[in-house]
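Model, not experiment: these values are computed from the prediction. To find a chain, count down the sequence lines: A is the first, B the second, and so on, and within it residues start at 1.
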Protein chains: 2
Amino acid sequence: MTNKRNALLPSLREACSNCSLKELCLPIGLSDTEMALLDDVIRQGHKLKRGDYLFRSGDAFKSLFAVRTGFFKTSVSSQDGREQVTGFHMSGELMGLDGIADSVYGCDAMALEDSEVCELPFGRMESLGREIPSLQHHFFRLMSREIVHDQGLMLLLGNMKAEERLAAFLLNLSQRLAYRGFAANDFILRMSREQIGSFLGLKLETVSRTLSKFHQQGWISVDHKHIQLLAVSELKALISPCAHS
Amino acid sequence: MTNKRNALLPSLREACSNCSLKELCLPIGLSDTEMALLDDVIRQGHKLKRGDYLFRSGDAFKSLFAVRTGFFKTSVSSQDGREQVTGFHMSGELMGLDGIADSVYGCDAMALEDSEVCELPFGRMESLGREIPSLQHHFFRLMSREIVHDQGLMLLLGNMKAEERLAAFLLNLSQRLAYRGFAANDFILRMSREQIGSFLGLKLETVSRTLSKFHQQGWISVDHKHIQLLAVSELKALISPCAHS
DNA sequence: CGGGTCTTTGAAGATAGTCAATTTAGGTGG
DNA sequence: CCACCTAAATTGACTATCTTCAAAGACCCG
């Protein structure tokens, strides 16, 4: 991985101030000065190939990472080897927040396709937060959002049936893709059935069967990793039986 | 709830600097000056009766709360009314971190016995964090710890069988009680079987049956809410089959 | 002491898991 | 470019686990 960065002539492409994702990553309303401080701290251009680990559980924590392009999964494992996928991460999303607690990453982060990330050295971000209150607040909000998100997953894992979990999963993916300007109802799954299963607390066979069931109902089209949502309202009805739309 | 506080003569009992829980709540190594600043911001003496809500999902978020005495549960609910208990909280533990994201609490927090909490107005804590770096770092660590904790729960909910969940639950309770100077192997459950079930993604009958099974095996003693752990190593073996001790 | 809640326990049923066989896809190298 | 090979996915049959439904018993608070 060559270091293309040049302190005197930073490429325009390689700066937060110029990044198309900054609305996703950063608090709105930073001044030019503040943005320049950020550009100075954040390191861009880390490239990973499919299957590469960005970090592993137990690695020394120094930085957070934001997905610039590509797709990641994070997962935790028990002593006896059982793996739980804790999340899938696409552009603009942050990974590594679990590492702050003990200065050691608490999960594995793996690229599911060739990807690029920005590195946010946490110590320097923390200092910067003291100078830029809105940045500090932004980080608290990001971490809080992660907690809220995890609570939603616990609800899913603790209370929902296989069909409900799959529907929630597909709708969540759809929504996040749409928010990034991709088609909401026609996408390629970046992960295997097994990884979906691990995320949803199901076995891969159950994932496959449930997708087939949705397909037979005409609610979605499944062509291997290519998914089309054909009846979004039916899927939504699965999750919250009352609220029709 | 009467306000016993007096700015000129703050009771010694009612101050972080004098609190027996400060090692649990606060970063170590605060100077007297810094401690005084904290004492000025943190409001103590909120009392709740069993069954009272500290906050409800959707309430405007202004403060975090630390348990001083008593016992709480937090829970989230889906639109159609399914409840997932997301945690049980005892002295020194913080609640409300999920509220930062959207300035609205994301869960309900309810006292399971008569309790007392300290209120940490978040805005003022945030400012104080900018002046006391170790305090800022402490808050990041607290939030990160919550994320790590939630990941562990996802592993439990996604991968474990009923017996493993119960064993993990009992051992976790035991450990936290021991850390606070209570008996590790002899305690009273503050929550109902249904609440345990909701937390562990099980039905109350399954919780009851599994406790009975442990009892029959001689691993624990169950007398309603009074639990004694008789064979901790057996319970540990349930969770991580490899690691004997 | 009494009503209501919580708990225990049993029996039957449903959901998802396990095991296994087959098909398909995608990557590699001739 | 094609053939092969491995990994992933689908599907079926069977089983285990947990849930549901039901009834009886125990406790606690007023």
Side-chain angles (χ1 to χ4, degrees), chain A residues 49-52 71 73 80-85 110 112-114 156-170 188-217 220-227 238, chain B residues 49-52 71 73 81-85 110-114 156-170 188-217 220-227 238:
Chain A
K49 289 217 182 311
R50 177 180 161 177
D52 287 349
F71 202 81
K73 71 157 195 196
D80 52 321
R82 284 178 287 195
E83 185 192 36
Q84 172 75 30
V85 172
M110 186 204 220
L112 294 183
E113 59 181 4
D114 293 357
L156 180 144
L157 290 169
N159 283 293
M160 292 187 168
K161 296 196 191 310
E163 294 192 3
E164 299 172 314
R165 297 185 196 195
L166 234 325
F169 171 72
L170 293 172
I188 306 292
L189 295 176
R190 256 62 217 222
M191 70 297 281
S192 70
R193 301 289 192 263
E194 185 167 22
Q195 289 163 349
I196 297 173
S198 171
F199 181 59
L200 298 177
L202 301 170
K203 294 297 165 187
L204 68 104
E205 294 95 328
T206 307
V207 173
S208 183
R209 266 187 259 273
T210 308
L211 285 175
S212 299
K213 197 182 294 178
F214 286 175
H215 185 74
Q216 279 164 22
Q217 308 249 27
I220 68 176
S221 139
V222 183
D223 178 24
H224 306 100
K225 307 233 171 203
H226 180 198
I227 302 283
L238 262 187
Chain B
K49 289 218 182 309
R50 177 179 162 176
D52 286 350
F71 202 80
K73 71 158 196 192
R82 283 178 286 195
E83 184 191 37
Q84 171 76 30
V85 172
M110 184 203 223
L112 294 184
E113 58 181 4
D114 293 358
L156 182 144
L157 290 169
N159 283 295
M160 291 188 168
K161 296 196 190 306
E163 295 193 2
E164 301 173 313
R165 297 185 196 194
L166 234 326
F169 171 73
L170 292 173
I188 305 293
L189 295 176
R190 257 61 216 223
M191 70 296 280
S192 69
R193 302 289 192 263
E194 184 167 24
Q195 289 162 348
I196 297 174
S198 172
F199 181 59
L200 297 176
L202 301 169
K203 295 298 164 186
L204 68 103
E205 295 95 328
T206 307
V207 173
S208 181
R209 264 188 261 273
T210 308
L211 286 176
S212 299
K213 198 183 293 179
F214 287 174
H215 185 72
Q216 280 163 21
Q217 309 249 26
I220 68 175
S221 138
V222 183
D223 177 24
H224 306 102
K225 307 235 170 203
H226 179 200
I227 302 282
L238 262 187

Q: Scan nucleotides 17-30 of chain D nucleotide by nucleotide, 5' to 3', and note B when protein non-hydrogen atoms come under 4.0 Å of the base, S if they reach only the sugar-phosphate, - if neither.
A: -SBBB----SS---

Q: With a 4.5 Å limit on heavy-atom distance, are the side chains of B/Phe214 and B/Leu238 in contact?
A: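 They are in contact (side-chain heavy atoms under 4.5 Å apart), so the answer is yes.
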
Q: So B/Leu202 and B/Thr210, do their side chains get closer than 4.5 Å, heavy atoms only?
A: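 B/Thr210 does not reach B/Leu202 side chain to side chain.
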
Q: Got A/Val222 and A/Ile227 here, is their nearest side-chain heavy-atom distance under 4.5 Å?
A: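 They are in side-chain contact.
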
Q: Would you indicate whether the side-chain heavy atoms of B/Arg193 and B/Leu211 approach each other to under 4.5 Å?
A: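 They are in contact (side-chain heavy atoms under 4.5 Å apart), so the answer is yes.
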
Q: Do A/Gln195 and A/Leu112 have side-chain heavy atoms sitting under 4.5 Å apart?
A: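 In contact.
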
Q: If we only count heavy atoms from C-beta on, is the A/Arg165 to A/Thr206 side-chain gap below 4.5 Å?
A: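 A side-chain contact under 4.5 Å is absent here.
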
Q: By side chain to side chain contact (heavy atoms under 4.5 Å, CB included), which residues pair with A/Glu83, not counting sequence neighbours?
A: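 For A/Glu83, the residues satisfying side chain to side chain contact (heavy atoms under 4.5 Å, CB included) (neighbours in sequence not counted) are A/Lys73, A/Ser75, A/Ser77.
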
Q: With sequence neighbours excluded, tell me which residues meet salt bridge (charged side-chain N to carboxylate O under 4.0 Å, His left out) with B/Arg190.
A: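 Salt bridge (charged side-chain N to carboxylate O under 4.0 Å, His left out) list for B/Arg190, sorted by chain: B/Glu113.
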
Q: Taking heavy atoms of chain B and a 4.0 Å limit, find me the 5'-most and 3'-most nucleotide of DNA chain C within that range.
A: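 Range of nucleotides touched by chain B: C/dT7 to C/dA11.
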
Q: So if I take the C1' atoms of five pairs at each end of the helix from C/dC1-D/dG30 to C/dG30-D/dC1 and get each local axis, what angle do the two axes make, rounded to 10 degrees?
A: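 Helix axis angle between the two ends: 60°.
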
Q: Output all residues satisfying side chain to side chain donor-acceptor pair (under 3.5 Å) with B/His224, sequence neighbours left out; order by chain, then residue number.
A: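 Not a single residue meets the side chain to side chain donor-acceptor pair (under 3.5 Å) criterion with B/His224.
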
Q: Is it the case that more than 12 heavy atoms not belonging to A/Glu163 sit under 6.0 Å from its CD atom?
A: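 Yes - once you tally the heavy atoms of other residues, nucleotides and ligands closer than 6.0 Å, there are more than 12.
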
Q: For A/Arg165 and B/Leu211, take the nucleotide of DNA chain C holding the closest heavy atom to each; which residue's nucleotide lies nearer the 5' end?
A: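 Final value for this comparison: B/Leu211.
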
